[in-house]
Amino acid sequence: MSFSELLRTHRHRRGITQEELAELAEVNVRSIVRLEGNLVSAPRAATVRFLADALRLTGTDRDRFARAAQGATPAQGATPVADPVPAQLPPSVHCFVGRRDELSRLDALPADGDAVVVALSGTAGAGKTALAVRWAHAARTAFPGGQLYLDLRGFDAVHRELTPAEALENLLGALGVPPARMPAGLEARAALYRSLLADRRVLVLLDNARDAEQVRPLLIGAAGSLVLVTSRDRMTSLVALNGAHPLQLGLLSADESEQVLLHRLGRRRVSAERAAAREIAERCGGLPLALSIITARAQQEDVPLATLAAELRQADGRLDALDAGDAPGQVRTVLSRSYVTLSNSAKRLLRLIGRAPEPDLSAAAMERLHGQTRRETRYAVAELIRANLLSERIPGRYAVHDLLRNFVNDLDRAGSVDEARC
């Protein structure tokens, strides 16, 4: 019997967990996980002795345990080296404007004690990933155990979302677990993931999550660690049941929107067409994705800003102007990924709100507009709010973003909507 098998056998006979054995032997949990996974080629003599003492091995059992340790060999495909320290953060965006309050709130999160979970939510295209990555790069030295990043593809326009088991396979791979040693089930993967990170101070950035159910198995409990989740969903369940800190990301102000134009196009060009630049900022409604696309067009096509402002002025063609060519760079496609996740009742209410001439509506007005029972309307309104498609800009008055209004009106103009294409 191999050393790893003997270690597991004696631990199970005593009925203790890996964490309890680590505490008894004064060895970190990660070492126990790697030893039992046959990922260590030569256990230290002192470690073997501490484990034998903790397991109360004597006589023949202790001798056999020690001999097995001397002949331990790693499993095929295992890497008998020090645990890798992942540094997976994607590059920070080159043009980042505003968000001082949100960055300050992230900076103020507890640095010690239990692991912290943050639910960063906002509407499609609001810049959640940009903010999360920006802060993560600035804070990475506070997490010497590594920085893990994973796009969960919850609202991806091209690929299906990752299941929790697939997400854990990616994360465990980044932590040095070879395919041959990858546990098969979700619970086993989650247990190994938490064990490997038990003694590390790490940052885990889970980007583009669909909902709390997708994220919950990926949470960790390592002291001093932080899990930062971004999603279009408000993750209310994650806040309620897992103590996540909610952080709502709104739209850019008019001044911040103009700052984006200045950063991307230069002061000379913006000053030369000041009125057109202001109109572009206004027509984009403070949505960072829209501002990024229209300024990219201005940089590459070398057209006057007045021409782009005129395109944005046409309500029935505004989304055509906000198209960078591929799915992530098309405001229409990005918005559609939020729309198709809604229930039929919420879709219907959203389209009715889009047709309404008023810029904002009361709850009672939405109930009359919906034409359903009060309870059904409340459910639809709550769903739209959770999805960050409806906001309370004025107390008691609800509104949708102008570009979202353009999107749902385009659906109505099309007459027949092919939901599968959205």
Side-chain angles (χ1 to χ4, degrees), residues 88-99 120-137 149-163 166-167 170 205-211 214-215 228-233 249-252 257 260-261 263-265 280 283-301 308 311-312 317-342 387-389 401-408 410-411 418-422:
Q88 294 188 315
L89 296 177
S92 187
V93 296
H94 74 281
C95 176
F96 187 87
V97 170
R99 308 307 195 190
L120 172 59
S121 65
T123 193
K128 300 177 290 296
T129 299
L131 171 63
V133 171
R134 179 81 168 194
W135 181 82
H137 273 288
Y149 172 86
L150 186 59
D151 182 357
L152 296 175
R153 305 197 306 231
F155 295 87
D156 195 282
V158 179
H159 304 98
R160 66 169 179 81
E161 65 192 79
L162 292 179
T163 66
E166 290 169 336
N170 277 274
L205 175 47
L206 302 173
D207 197 15
N208 196 17
R210 181 64 171 266
D211 50 32
Q214 186 188 27
V215 168
L228 178 53
V229 185
T230 75
S231 179
R232 300 182 192 185
D233 185 272
L249 188 62
L251 302 169
L252 296 176
S257 296
V260 173
L261 269 66
H263 274 276
R264 287 182 173 269
L265 303 179
I280 288 172
R283 299 288 181 187
C284 288
L287 192 70
L289 176 62
L291 289 163
S292 296
I293 292 171
I294 202 69
T295 51
R297 287 190 56 201
Q299 288 173 292
Q300 293 182 314
E301 298 173 16
L308 296 174
E311 289 184 32
L312 292 173
R318 187 170 300 161
L319 297 182
D320 294 331
L322 298 172
D323 186 340
D326 59 359
Q330 296 169 335
V331 169
R332 177 183 283 107
T333 302
V334 169
L335 293 176
S336 75
R337 299 315 302 162
S338 292
Y339 178 79
V340 297
T341 65
L342 299 173
N388 280 295
L389 296 174
H401 192 275
D402 285 346
L403 294 177
L404 183 58
R405 184 184 291 268
N406 292 142
F407 169 75
V408 295
D410 281 355
L411 294 181
D418 182 355
E419 297 287 350
R421 291 178 56 197
C422 290

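A distance-only check finds no donor-acceptor pair linking the side chain of D320 to the backbone of D323 [under 3.5 Å]. A donor-acceptor contact shorter than 3.5 Å is absent between the side chain of N208 and the backbone of D151. Looking at R153, its side chain does come within 3.5 Å of a backbone N or O of R160 through a donor-acceptor pair. When atom types are taken as modelled, the side chain of T123 and the backbone of A126 share no donor-acceptor pair closer than 3.5 angstrom. Although no hydrogens or angles enter the test, the distance criterion places a donor-acceptor pair under 3.5 Å between the side chain of Q214 and the main chain of L162. A donor-acceptor distance shorter than 3.5 angstrom exists from the side chain of H401 to the backbone of G285, with no hydrogens or angles considered.
A distance of 10.0 Å separates CD1 in I294 from CG in L265, rounded to the nearest 0.5 Å. Distance check: L131 CG to L228 CG gives 8.0 Å after rounding to the nearest 0.5 Å. Here the straight-line distance linking atom CG of N406 with atom CG of L319 works out to 5.0 Å at 0.5 Å rounding. The OH atom of Y149 lies 11.5 Å from the CG atom of N170; values are rounded to the nearest 0.5 Å.
The heavy-atom pair separating A327 from T333 by the smallest distance is O-CB, 3.8 Å. Between P328 and L289 the shortest heavy-atom distance is O-CD1, 3.9 Å. Considering every non-hydrogen atom in both F407 and S336, the closest pair reads CZ-CA, 3.6 Å. Between S231 and A209, the closest heavy-atom pair is OG-O, 2.6 Å. Counting all heavy atoms, side chain and backbone alike, R264 lies closest to S292 at NH2-OG, 3.4 Å. Minimum heavy-atom separation, A124 to V334: CB-CG1, 3.6 Å.
Between H137 and P91, the closest side-chain pair of non-hydrogen atoms is not below 4.5 Å. Counting heavy atoms from C-beta on, the side chains of L403 and R318 come closer than 4.5 Å. For the pair L312 and C284, the minimum side-chain heavy-atom distance is below 4.5 Å. Contact check for D156 versus E161: no side-chain heavy atoms found under the 4.5 Å cut-off. With a 4.5 Å cut-off on side-chain heavy atoms, R99 and L249 count as touching. You'll find the side chain of H263 stays beyond 4.5 Å of the side chain of L291, heavy atoms only. No side-chain heavy atom of D233 sits less than 4.5 Å from a side-chain heavy atom of T341. Contact annotation: the side chain of L335 never approaches that of V408 to less than 4.5 Å [non-hydrogen atoms, C-beta and beyond].
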Determine, step by step, whether L205 and V133 satisfy the side chain to side chain contact (heavy atoms under 4.5 Å, CB included) criterion, reporting the C-alpha distance in whole Å, the side-chain angles of both residues, the deciding distance to 0.1 Å, and the verdict.
CA-CA 8 Å; L205 175 47; V133 171; 4.0 Å; yes
Apply side chain to side chain contact (heavy atoms under 4.5 Å, CB included) to residues R283 and L322 and explain how you reach the verdict.
CA-CA 11 Å; R283 299 288 181 187; L322 298 172; over 6 Å; no
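A salt bridge is defined here as a Lys NZ or Arg NE, NH1 or NH2 lying under 4.0 Å from an Asp or Glu carboxylate O, and D207 with K128 fails to meet this definition.
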